[in-house]
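What follows is one structure encoded as structure tokens, with my remarks underneath.
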Amino acid sequence: MKNLSKLSRKILRLYVIFAALTAHAQTQPRYNQPATVDWLVTPVTQKAEVITEGKNIILYNGLVKRVFRIEPNVACIDYKNLSNGQQLLRAVKPEAKIVVNGKMYNIGGLMGQKENAYLLPEWVDKFTVGKDDFVAAGHSVSEIKPFVNWKANSWAATQKGPSGKVLTFRYKAQAEAVKGLEVTVNYELYDGIPLIVKWVSVENKQTGGLKLNRVVNEVLALVEEESAVVGKPTEMKKQHGMYVETNYAFNNAMRYDISDQTTHWKIDSTYTSQVNYNFETPCLLEVYPEKAPGIDLQPNEVFKSVRTHELLMDSYDRQRRGMMIRKMYRTVAPWTTQNPIFMHLVSKNDQEVRSCIDQCAATGYEAVILSFGSHLNMEDSTAKNIARWKELADYAHSKNILLGGYSLFSSRRISDEDDVVDPKTGKPGGAFFGHAPCFGSKWGLAYRNKIKHFFAKTGFDIWENDGPYPGDVCGSTVHPGHKGLDDSQWRQMEIQKELYRWLNERGVYINAPDWYFLDGTHKIAIGYREVNFSLSREQQRILNRQNIHDGTMEKTASMSWGFVPLTRYQGGGPEAVLEPLSEHLTDYEQLMVQYYGAGVQACYRGPRLYDTETTRQLVSKTVAWYKQYRDILNADMIHLRRADGRDWDGFIHVDPQQKQKGFLMLYNPTKERITRTINVPLYYTGLTSSATFKEKGATAKKYTLNRNYEVSLTVTIDPESYTWFTVE
């Protein structure tokens, strides 16, 4: 050691320390190791596992660890995000709760925790089972099965279903009043993403019926997001480390957080060491529909709860959080990656449908949707009508074109007998749209059957379901599809969702302006104000890019549709529309590039796609450009600058698994040629040292990434125009 230099001795000491730490880490179970890769950039090789270790069962996939103590009852005692080391759990709670005949029962859980700010493992052995709690009667492990057995009828970014493990705990009742009720609690852990999906089933094996008032399928005592000495729950932040979404959402907001009907942040009165003086910190998460189920559960009937998606988040950054949510949709709802190129036809007769099919085939379009205001009536089940539309569907298929159409359910008045009954007045009315049919009425059930009949007999490929069931409760006691007010929302919701799953599993693509993605719908409006399409084309260009920016933060581009009025829509004059198409080719191309460049399909609504050979060539060229880069244009999106009309705006698609790692779209809305130097973020492309940019597929130029994984790109864009780059 005397002969070593001072620097060498320091390096040696560091090496010894590192070796000791490495040896210590290697002695730790792998499920205690932090995540080693960023799962948004590098695929995780660790698969989902269910590990039994003494009295514990561990859910683990390299990104999330959830631990259950299984004796003397099942209780979650550890819930950790391995990407950032965050422990989410502060206390033990029941694994679920049910309310039967007006009384609440815990499913699982353990009693006895006195300090609820944190949970120490050595406390758990002293916890006990509640007197009337349901107790564990065994568990099983299986592979994840697709929730919707979808069949793709068009291009999709993925044809692959999710994989992972399902851990199922079975519970039996202790209380005499509910003996014969069997409850299972299921946890689905997915490969490659820090996601657990939880759902509960209740089976009535009693000889008589019972009232299932409520099912709370998740109860989590989460670490509080902030400490506030005074303040109400609505004023305090909620835990940001977990994103929660269920398949029970509606209200036409085009956003999940506003459509959500199930997430409840509550106070925890047992948490007596919290900072808030009145014990009102919102740190107890419960998941259940507020107005459901309220059903009479008959002997041998099985109730299945909503499905709660718990996605662990490691950042406050909106871009990163949005990417995580979009990855969740691609994983659990791969049908949402379908993204056919479609025309929104306004037709008066069958010949116009044939002509539109021919134009789609001639330009590379893939589908025709008969828009609202067309001559299609899916509710007409006569043999003549079915034969008519089957012939047109067959003609479309002969040209490799999909055929679909529009049908309105909710925002219409049917009759006093079939409309939603307002529980406050006992009379029709009080619905989301004022007057609307009840899905459980005779008319509503017949509507469902007519839609199924139409698609089964005609071979149609797409359903545009406007005004889907928006969550109306109904006070009727004579509608055959529900018993009364208490069960009206749940029963109607099940009718709507079953119809979507039925169609999806038969290869029918579904546009529906409400949040039914997790039950089989494919696309929703990106978010726009319809009357804006009566504004000038110049205004529409900027507004559309704003809509794209805002509407793809939490949902993917393929989950969104935009709008292009080829003919007059919601008012406006010649300045608002593209017809005659040949006279507005610059605007036509710009609007197509804006949507296709974002991976968003728009409803090109009118009677035709082209009016001259020049117009046809323009449409064909633009569609061919989109198809050439379709994979990367449907990849995830980093939003660079929102359109404001003052300076450049744009975004970059990223996918580290493709040859083309990125696709940059930039726009110049000004009336002058501009040159700008833009820092292009490339972290999510997976590139680390250098990147090759090609402007419009031309000469390649290589750049070195800086320490922030950015490239400084100088670009010139013509007035009121755009440019694009591939990145490799």
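With ring centers used as reference points, Tyr604 lies 6.0 Å or more from Phe342. Taking the six-membered ring where the residue is Trp, the centroids of Trp724 and Tyr629 are separated by under 6.0 Å. For Phe651 and His653, the distance between ring centers is under 6.0 angstrom.
Phe563 does not carry Arg605 over the face of its six-membered ring by the limits of under 6.0 Å from the centre and within 45° of the normal.
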Criterion side-chain hydrogen bond (donor to acceptor under 3.5 Å, both in side chains) on Tyr596 and Arg630, from CA distance to verdict: CA-CA 9 Å; Tyr596 290 135; Arg630 193 172 200 167; over 6 Å; no
Apply side-chain hydrogen bond (donor to acceptor under 3.5 Å, both in side chains) to the pair Tyr79 and Glu310, showing each step before the final yes or no. CA-CA 11 Å; Tyr79 204 166; Glu310 300 171 10; 2.7 Å; yes
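Considering only heavy atoms from C-beta on, Leu682 stays 4.5 Å or farther from Glu710 through its side chain. With contacts defined as side-chain heavy-atom distances shorter than 4.5 Å, the pair Trp515/Glu245 qualifies. Using a 4.5 Å cut-off on side-chain heavy atoms (C-beta onward), Val64 and Leu59 make no contact.
Within the structure, the salt bridge (Lys or Arg N to Asp or Glu O under 4.0 Å) test picks out the following pairs touching residues 503-521 (sequence neighbours left out): Lys497-Asp519, Arg501-Asp519.
Residues that satisfy the ring-ring contact (aromatic ring centres under 6.0 Å, His included) test with Tyr329, not counting sequence neighbours, are absent from this structure.
Counted by atom type alone, His240 and Ser315 present zero donor-acceptor pairs between their side chains at under 3.5 Å. Side-chain polar atoms of Tyr500 and Asn465 form a donor-acceptor pair below 3.5 angstrom. Judged by distance alone, the side chains of Trp150 and Gln338 never bring a donor and an acceptor atom under 3.5 Å apart.
Considering Glu589, Gln590, Arg545, Lys696 in turn, Glu589 is the only one that fulfils the side chain to side chain donor-acceptor pair (under 3.5 Å) rule with Tyr722.
A salt bridge is absent between Asp649 and Arg641; no separation between the charged side-chain nitrogens and carboxylate oxygens falls under 4.0 Å. A salt bridge does not link Lys661 with Asp655: every distance from a Lys NZ or Arg NE/NH1/NH2 to an Asp or Glu carboxylate oxygen is 4.0 Å or more.
Below 30°, between 30° and 60°, or above 60°: for Tyr703 and Phe693 the angle between ring planes is above 60°, a perpendicular geometry.
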